[in-house]
Each structure stands twice: as C-alpha cells, then as structure tokens.
Amino acid sequence: MRPVGSKYLLEEPLGRGATGTVWRARQRETAGAEAAVPGEPGETVAIKVLKEELASDADVVMRFLRERSVLLRLTHPNIVRTRDLVVEGDLLALVMDLVDGPDLHRYLRDNGPFSPVAAALLTAQIADALAASHADGVVHRDLKPANVLLAGADGSGEMHPMLTDFGIARLADSPGLTRTHEFVGTPAYVAPESAEGRPQTSAVDIYGAGILLYELLTGRPPFAGATALEVLHKHLGEEPQRPASLPEPLWTVVERCLRKRPEERPSAENLARGLRAVAAGIGAGATPEQAQAALGVAALLVPDPDPATVPGTGADGSPGADAAAPTQVLPTSASSYDPGAPTSVLPSTGAPGAAPGGRGPAPTRAMPPVPPMPAGTPQGGPPEPAGPHPWESQLRAARDRNEQTQVQYLDPQDDPLRRRPQRRQAPAPAPQQPPYAAQPAPYAQRPPAAPQRRQEPPPQRYEPAPPPAREPRPRREPRQRSANPMRIPGLGCLKGCLFTVLLLFVAAWLIWEFTPLQEWIGTTKGFFQQLGDVFAGVQHFVQKLGG
C-alpha cells in the first residue's frame, strides 16, 4: 500500500493507460473543503496517478491547478465524477468515483457488436455527457471505447455508460511533452483537424462519437492501417464505408458525425436527440410516425452555432492562433513595412562572434570548411585544388545510391555465366639451336683464316626424362568392426536368414506355449511334440510318394 497525500491510500492497480495508472484506493480520513466530495473514512475510490513526466512539467502542474475548479464542478449522471485533486511533490493524482464495471472496449471484445437500437441508445447517453461538458467549455478530445465505463454490465441492472478521463488530454497537451506529436489522442479516433494541427472545437468530440457508434455497430473502427501515419491519412482523405446491415437512418447519423469539415457536424445535444429518434423508429414496435421521423433524422442534426473551443489550438485567440500562418517579416521601421519583402538581417549589438567591421554576425555556413592550404602556397593566392571537396564526394555517393539499376542488353558472348570457358593454348616453345650451330658472319667480312682441321662434335645421346615419382598412396586404416557384426539389410545375407529363422522359431514356441492356441486347435501336445508329429507326417508323406 502507498499513501497519496494524507487522506488516501492506494491498494491495487486497476489499469494502465498512456497518461497514468488507475488504482483502487481507500479514503483514510474526510477530505477538506477544497474537495468536491469530502467522503467518509474507509470509502473506496479510484485514483488516477499521472505519469512522472507529466508531474515534472511545470506547465502541466499550472494547468492542473488552474483547471481544478472546472474539473470538480463537471457533474453529470453519465460522467465519472472527480472528487479531489492531489498535488504532492512530484505526484499528480485525480480522485474519482469507483465504477464497478468493465470499459466499453473490453465489453466489445468479449461480447461482440451491439444491435442498432442498443448502439443508438448507448451513444445517445454519451452524447448527453458531451453536451453537459461542452456547455461548461470542457472538450474531452480523446473519446474512445476505452474511456467509457459500463456500470451494471454484469446483468444486475440497466447498462449505464459513464465517460471518464475528462481533462486528461488537456493536461497532457503541454509544449514540453507534445513537441514531437501532432495531436493529442488515439490515431483511430482522432479528428482530421486535430491530425493537421488546425484549430479545434467541440466538434472533435462529435467526430469521436461517430467513430464510437460505428465501432459499436461493426466491432471495429471505420479507419484502420498498419501504422499510425496510414490511419491519419485515411482520416484526412477517405470516406467511411457503409456496412450492408446498417439501417439508413442510423447511417445518416454516422455519416454526418464523420464529416471532414467540423462546421458540418451536429452539436452534442442535437446528436443525442437524433439518436433517440432513430432508436424509436427502427425498433420492432415502431409506429409509422416514428419510422417516418427516423428517416428524416437529418433535419435534427443541426450544427452547433457556437462550439466550445479548445484552448491553445488557435481557435480562441490564444497563443498558437496563427500557427498555420506564413512567417511574417519583421518591419525595419514603422513607415516602411512590406509583408512581401525579404527577411532582413537584425543589426549587430556587438555580441561576441560578430564579423569583422561590426557589420553583423558572421553568416551561417552551409558547407563544411575548406581544408587548410598546403605549405608553400602564396599568401592571398587561390589554393591549389587537391581534389573534390568532401561534401561533393558525399553528394555524389548519395546520388549513386539513389540511382536505379539500369537494364541494358548484354551480348551472350560477353556474358561470363553463359559462354563456355576456353582453354588457352600454351605457346609453342622456340626451337633450340645446337650449341655448335653458330651464325656465320657475312662472307665479305670473313677474315682469311688458316686451314684448320674440323673437329666433329661428340654424338649426343637422347635420354628421356624419368617419369615423375608417384606419390605413395595413403595407408588405409583398418576398418573397425562394429559391436554388432551381424547385419540384416533386407535379409540379404546368410547370417541374416539364419537369425530370422531362429527368431521365427522362438516366436512360434512362445506363441504355442503361452497362448491358448493349443486349446483353440483342440490338442494338448507340447510345442516340440507337435513339431515332431509334423515332421513325422511330412516324412511319411514323402516316403509314400517315393514308394
């Protein structure tokens, strides 16, 4: 157990979400006047402890304290009541009523889709909760089945949906925490204007209610994909597909809630009224007047003329109202302001790092610095280019990687995989001249020589080269005999046959002696006695044939 403040004690976790963990807790003492519900000692409550990164953000803590009164006064039969808010060191927690029942997401997974009438009536109660919160200027921004708790889902009474996590999306929408995100919410239930970062109003909750109604009827949201980015693209550019079994009046409500333009969606109050009219007109006991009213439900789905705005998204004049506007040029003077002029350079204030001459800071370098000049280069002269600049080599390598493979014709003669390897012919050895056949000098240049006796060269004997010595064959290691020398490869050898006959003989003896085969045949002779009689009968038969 872990204490939260001085009045509450955490007992066990009930669930974990993107913004914190919900615990079953017990109240230790009565809360003070700052709490909306004082409570009694020993009473069971639910406490949502926000994540540490939320508690450590000063902006979130300030919003937490500033919106305390808004969350505490938000009461409705279909909204889980916030009883108290706890701020203690690095811990932020919301104390709420404990709803004994599953959330709508788990109920759908366990029991399947709702009937059209049940889905319309359930969504109408959720729309009532949204109408009450929008009247107080509170937009949920994360409406999904997981944030709807079902009281009485065990069959003990009428199922009663209760919307929870009001204000959590607003508290989590901190500049320090959503810097890398484009919206606050779940991709499968986010409105197009939230995905694009445009101004948001209470119409984002109507879009979420339309997706929730579609999921109650079919068991899945209308837009799905492998990644969050793919789902967001479908929210922005695709229209939902109508299921074949969905009644026409109910599809009119779903289609109107899922309009891409927020000003075309109905208000929460008109949505609840239209859903109840549709549920009465498509039921089994509907009168002709009720069926006609259900067919004309489009007239009830009137947009909200004054929707509640989401603070901080640019729809209420708060910071970020011109987030999508183009960057404006700072005027150099009050009399010569031109919005279309190029961006001017702010004058230098003498800060460190200014360029020489006091003409402003040094310009931003877009390329790496040039390598230093080699020794011997004259001062002031252009350096000798030693090769391509490093950034040129990087760009060339990136361009080569991005180029696609070129398909060209290849001659089969040039294909190394097709042509047969050709063996090169060894060059013919040059003829060896005998040592005595010297080239004579030209006749005109021969000096007069004295007559000499010619000596015959000794006869040369041709001796063939001895054949190369053959390498000695490796000595064969003696084959090791296995432990079982008898092999039976399909009874192909004599030993296998004898061994098989022996096995059959032993098997026959065992069967004859230890089974009731003797009684079945009608003899009481032993195996060897019976075998001897068989041999005697065969011998007598052979003698009779020979005689």
Side-chain angles (χ1 to χ4, degrees), residues 76-78 104 108 113-135 139-140 143-145 148 158-161 163 189 191-193 201-223 234-235 237-308:
H76 189 270
N78 295 106
L104 189 54
L108 271 174
F114 285 66
S115 65
V117 176
L121 293 177
L122 189 68
T123 311
Q125 298 183 63
I126 298 174
D128 290 338
L130 293 176
S133 66
H134 294 170
V139 182
H140 194 284
L143 181 60
K144 56 186 177 181
V148 178
E158 183 180 356
M159 190 179 300
H160 186 70
L163 194 55
Y189 305 91
E193 59 268 25
T201 62
S202 56
V204 299
D205 287 347
I206 304 302
Y207 190 88
I211 295 182
L212 185 142
L213 176 59
Y214 188 97
E215 188 170 359
L216 291 181
L217 295 167
T218 62
R220 55 180 178 82
F223 304 111
K234 291 185 178 181
H235 279 291
E238 289 190 11
E239 297 295 335
Q241 301 296 324
R242 176 186 174 183
S245 60
L246 193 63
E248 178 66 27
L250 201 53
W251 173 247
T252 302
V253 178
V254 173
E255 188 272 334
R256 188 66 64 89
C257 292
L258 297 183
R259 292 285 179 91
K260 305 301 181 183
R261 297 169 58 88
E263 59 270 14
E264 297 179 0
R265 302 170 199 155
S267 63
E269 184 178 358
N270 293 333
L271 175 61
R273 186 182 301 111
L275 286 171
R276 289 189 172 91
V278 170
I282 63 177
T287 62
E289 292 79 10
Q290 291 174 336
Q292 189 65 27
L295 292 176
V297 69
L300 300 177
L301 304 176
V302 181
D304 192 352
D306 187 20

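Considering all non-hydrogen atoms of both residues, Ala120 and Ala279 come closest at CB-CB, 4.0 Å. Among all heavy-atom pairs drawn from Ala132 and His76, the shortest one is CB-CD2, 3.6 Å. Taking both residues in full, the closest heavy atoms of Ala268 and Ala131 are given as CB-N, 3.5 Å, listed atom of the first, atom of the second, then distance. Taking each heavy atom of Ser267 and Ile206 in turn, the nearest pair found is C-CD1, 4.0 Å. A pairwise comparison of heavy atoms in Leu212 and Pro145 identifies CD1-N, 3.9 Å as the closest pair. For the residue pair Gly283 and Val117, the shortest heavy atom distance occurs at CA-CG2, 4.0 Å.
The backbone N or O of Thr201 sits nowhere less than 3.5 Å from a side-chain atom of His134 that would complete a donor-acceptor pair. Under a 3.5 Å cut-off, the side chain of Ser133 and the backbone N or O of Leu130 do form a donor-acceptor pair. The main-chain N or O of Pro161 is found under 3.5 Å from a side-chain atom of Asn78 such that the two form a donor-acceptor pair. Looking at Glu264, its side chain never comes within 3.5 Å of a backbone N or O of Arg261 through a donor-acceptor pair.
Side-chain contact between Leu143 and Tyr189 is absent, with no heavy atoms from C-beta onward closer than 4.5 Å. The shortest distance between side-chain heavy atoms of Pro113 and Thr218 does not fall below 4.5 Å. Counting heavy atoms from C-beta outward, Pro262 and Val204 have side chains that stay 4.5 Å or more apart. Put simply, the side chain of Leu217 does not reach to within 4.5 Å of the side chain of Pro243, judged on heavy atoms. Residues Gln241 and Phe223 have side chains not in contact (no heavy-atom distance under 4.5 Å, counting atoms from C-beta outward). With a 4.5 Å cut-off on side-chain heavy atoms, Ile211 and His235 count as touching. Between Leu213 and Leu275 there is a side-chain heavy-atom pair separated by less than 4.5 Å. Within the 4.5 Å cutoff, the side chain of Lys260 has heavy atoms near those of the Pro192 side chain.
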Practice prompt. I would like to know whether Asp205 and Ser202 meet side chain to side chain donor-acceptor pair (under 3.5 Å); could you show each step before the answer?
Written response: CA-CA 6 Å; Asp205 287 347; Ser202 56; over 6 Å; no
Worksheet item: For Asn270 and Leu300, what are the C-alpha separation, side-chain angles and deciding distance, and is it a side chain to side chain contact (heavy atoms under 4.5 Å, CB included)?
Response: CA-CA 6 Å; Asn270 293 333; Leu300 300 177; 5.9 Å; no
Item to complete: Before giving the answer on side chain to side chain contact (heavy atoms under 4.5 Å, CB included), spell out for Tyr214 and Leu246 the whole-Å C-alpha distance, their side-chain angles and the decisive distance to 0.1 Å.
Response: CA-CA 10 Å; Tyr214 188 97; Leu246 193 63; 5.6 Å; no
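Taking a cutoff of 4.0 Å between a charged side-chain nitrogen and a carboxylate oxygen, Glu193 and Arg265 qualify as a salt bridge. Ion pairing of Arg259 with Glu255 is present here, as a side-chain N (NZ or NE/NH1/NH2) and a carboxylate O approach within less than 4.0 Å.
For Glu238, there are no side chain to side chain donor-acceptor pair (under 3.5 Å) partners two or more places apart in sequence or in a different chain.
Sorted by first then second residue, the salt bridge (Lys or Arg N to Asp or Glu O under 4.0 Å) pairs that include residues 272-286, not counting sequence neighbours, are Asp128-Arg276, Glu269-Arg273.
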